[in-house]
Amino acid sequence: MTLTPAFFARDPLGVAHDLIGAEILVDGVGGTIAETEAYRTDDPASHSFRGPTLRNRAMFGEPGHAYVYLSYGMHWCLNFVCLPGSAVLIRALVPEHGLERMVERRGLEDRRRLCAGPGRLAQALGLDKSHDGLSLFAPPFELKEAGTVPMVAAGPRIGITKAADWPWRFGLKDSPYLSKPFPRP
DNA sequence: GGGGAGATTATCT
DNA sequence: GATAATCTCCCCG
């Protein structure tokens with residue numbers, strides 16, 4: 001699967017699945033995408049459900065751009081915009097590049113917890129409001145395709161109250177870098 | 001290792 | 001004024 005803007009111009013379910021195993025870097029810091037969640041326009045849990053607002057405007061912009069928002073007044077979260085009104089939340093990475101900077105930003109050494117969760121990942125990569133709306137195909141972002149086809153697990157999304165049972169969460173099967181294990185089938 | 005409280009603020013009702 | 005796509009710390013056992 002070639003990572004071009006066209007890759008993102010489709011249903012976020014497919015994008016969320018196909019992003020597992022790809023690599024994301026911000027200023028050279030990052031690693032393999034280990035966990036994602038899809039948010040669609042007809043999805044009660046999505047920020048886009050009630051239409052465009054100031055916060056979610058990036059979700060209605062160009063596919064292949066970043067949507068970065070502040071969660072719980074404290075944590076930045078990174079999304080990749082797909083078709084207008086839809087996006088994929090990046091929930092976990094396998095930390096591989098720039099470990100030193102991640103440790104510095106996160107204030108801990110435990111590799112398993114550096115990027116295991118959307119807020120942790122954003123902190124490790126130094127993301128904030130300034131990245132909202134930026135293209136993923138230009139610095140400081142860098143995307144690389146998966147080397148091999150990974151085993152992908154799917155299950156219910158995490159931390160939401162609406163449509164909580166829809167299995168729109170994807171991840172590297174049995175990876176120790178997930179924010180949480182997937183429920184047994 | 002697991003459950004629960006508290007942190008902290010932009011956004012929308 | 002309530003809510004939220006979360007995280008850390010503290011307590012228990």
Side-chain angles (χ1 to χ4, degrees), chain A residues 8 11-17 19-20 24 26 33-61 63 65-95 101-134 136 152-172 174-184:
Chain A
F8 292 97
D11 190 291
L13 276 176
V15 175
H17 175 280
L19 276 174
I20 301 301
I24 172 74
V26 181
I33 297 175
E35 185 180 334
T36 60
E37 278 178 2
Y39 286 88
R40 286 210 307 210
T41 185
D42 59 343
D43 170 5
S46 174
H47 288 170
S48 61
F49 187 61
R50 290 163 199 275
T53 65
L54 202 54
R55 170 176 68 167
N56 68 21
R57 70 192 184 291
M59 279 187 86
F60 291 91
H65 284 230
Y67 166 45
V68 181
Y69 73 94
L70 189 61
S71 182
Y72 288 88
M74 262 169 285
H75 307 289
W76 296 101
C77 294
L78 172 66
N79 295 255
F80 293 169
V81 177
C82 302
L83 286 176
S86 71
V88 171
L89 172 68
I90 310 301
R91 291 192 52 92
L93 301 184
V94 181
R101 297 188 71 189
M102 292 189 191
V103 168
E104 189 181 308
R105 287 166 174 157
R106 293 272 298 120
L108 53 36
E109 306 247 345
D110 183 2
R111 188 160 175 167
R112 287 199 184 198
R113 289 185 187 167
L114 278 181
C115 299
R120 292 167 171 171
L121 175 165
Q123 185 182 27
L125 271 53
L127 295 165
D128 60 35
K129 182 83 183 160
S130 71
H131 298 89
D132 187 38
L134 296 186
L136 300 172
V152 179
R157 294 179 290 183
I158 291 179
I160 56 175
T161 53
K162 301 159 211 152
D165 52 333
W166 302 4
W168 291 1
R169 173 180 178 234
F170 302 91
L172 278 179
D174 299 325
S175 170
Y177 297 101
L178 298 174
S179 67
K180 202 180 153 185
F182 281 83
R184 290 275 170 174

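So you know, we letter chains A, B, ... as the sequences are listed, proteins then strands, and number each from 1.
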Next item on the list: Using a heavy-atom cut-off of under 4.0 Å over every strand shown, decide if A:Arg91 touches base, sugar-phosphate, or nothing.
Entry: sugar-phosphate
Check: Rounded to whole angstroms, how far apart are CH2 on A:Trp166 and C1' on C:dA5?
Finding: 14 Å
Checklist line | Step-by-step side chain to side chain contact (heavy atoms under 4.5 Å, CB included) determination, A:Ile24 to A:Leu19 | finding: CA-CA 10 Å; A:Ile24 172 74; A:Leu19 276 174; over 6 Å; no
Notebook entry, point to check: Base, sugar-phosphate alone, or nothing: which one does A:Ile160 contact when heavy atoms must sit under 4.0 Å apart?
Noted result: sugar-phosphate
Check: What is the distance from CH2 of A:Trp76 to C1' of C:dT6, rounded to the nearest Å?
Finding: 14 Å
Next item on the list: For the residue pair A:Arg106 and A:Gln123, confirm or rule out a side-chain donor-acceptor distance under 3.5 Å.
Entry: yes
Notebook entry, point to check: Nearest heavy-atom pair of A:Ser48 and A:Asn56: which atoms, and what distance?
Noted result: CA-ND2, 3.9 Å
Checklist line | Separation of B:dG2 C1' from A:Lys180 NZ (nearest whole Å) | finding: 12 Å
Margin query: Taking any heavy-atom pair under 4.0 Å as a contact, classify A:Arg113: base, sugar-phosphate, or nothing.
Written below: nothing
Next item on the list: Could you pull out the closest heavy-atom pair between A:Tyr39 and A:Leu89, with the gap in Å?
Entry: CE1-CB, 4.0 Å
Note to self: How many whole angstroms separate atom CZ of A:Arg106 from atom C1' of C:dC9?
What the structure shows: 13 Å
Item checked: Side chain to side chain, A:Pro118 and A:His75, heavy atoms closer than 4.5 Å -> no
Next item on the list: First locate atom OG of A:Ser179, then atom CD of A:Glu37, and finally report the distance between them rounded to the nearest 0.5 Å.
Entry: 7.5 Å
Next item on the list: Provide the Watson-Crick or G-U wobble partner of C:dA2, both distances under 3.5 Å; none if there is no partner.
Entry: B:dT11
Note to self: Without decimals, in angstroms, what is the distance between A:Leu78 CG and C:dT6 P?
What the structure shows: 14 Å
Margin query: Rounded to whole Å, how long is the line connecting atom CG of A:Leu108 with atom P of C:dT8?
Written below: 7 Å
Notebook entry, point to check: Could you write nucleotides 6-13 of chain B as a row of B, S and -, 5' to 3', where a protein heavy atom under 4.0 Å of any base atom gives B, of only sugar-phosphate atoms gives S, and otherwise -?
Noted result: -BBB-SSS
Check: With both distances under 3.5 Å as the test, what is the Watson-Crick or G-U wobble partner of C:dC11?
Finding: B:dG2
Checklist line | Whole-Å distance separating the CG atom of A:Asn79 from the P atom of C:dT6 | finding: 11 Å
Check: If you measure from NE2 on A:His65 to CG on A:Leu136, what distance do you get to the nearest 0.5 Å?
Finding: 7.5 Å
Margin query: Counting the atoms with a prime plus P, OP1 and OP2 as sugar-phosphate, which does A:Thr161 contact under 4.0 Å by heavy atoms, base, sugar-phosphate, or nothing?
Written below: sugar-phosphate
Next item on the list: Measure from CD on A:Glu37 to P on C:dA4 and round the result to the nearest Å.
Entry: 15 Å
Next item on the list: Could you check A:Lys162 against A:Gly119 and say which one's nearest nucleotide on DNA chain C is further toward the 5' end?
Entry: A:Lys162
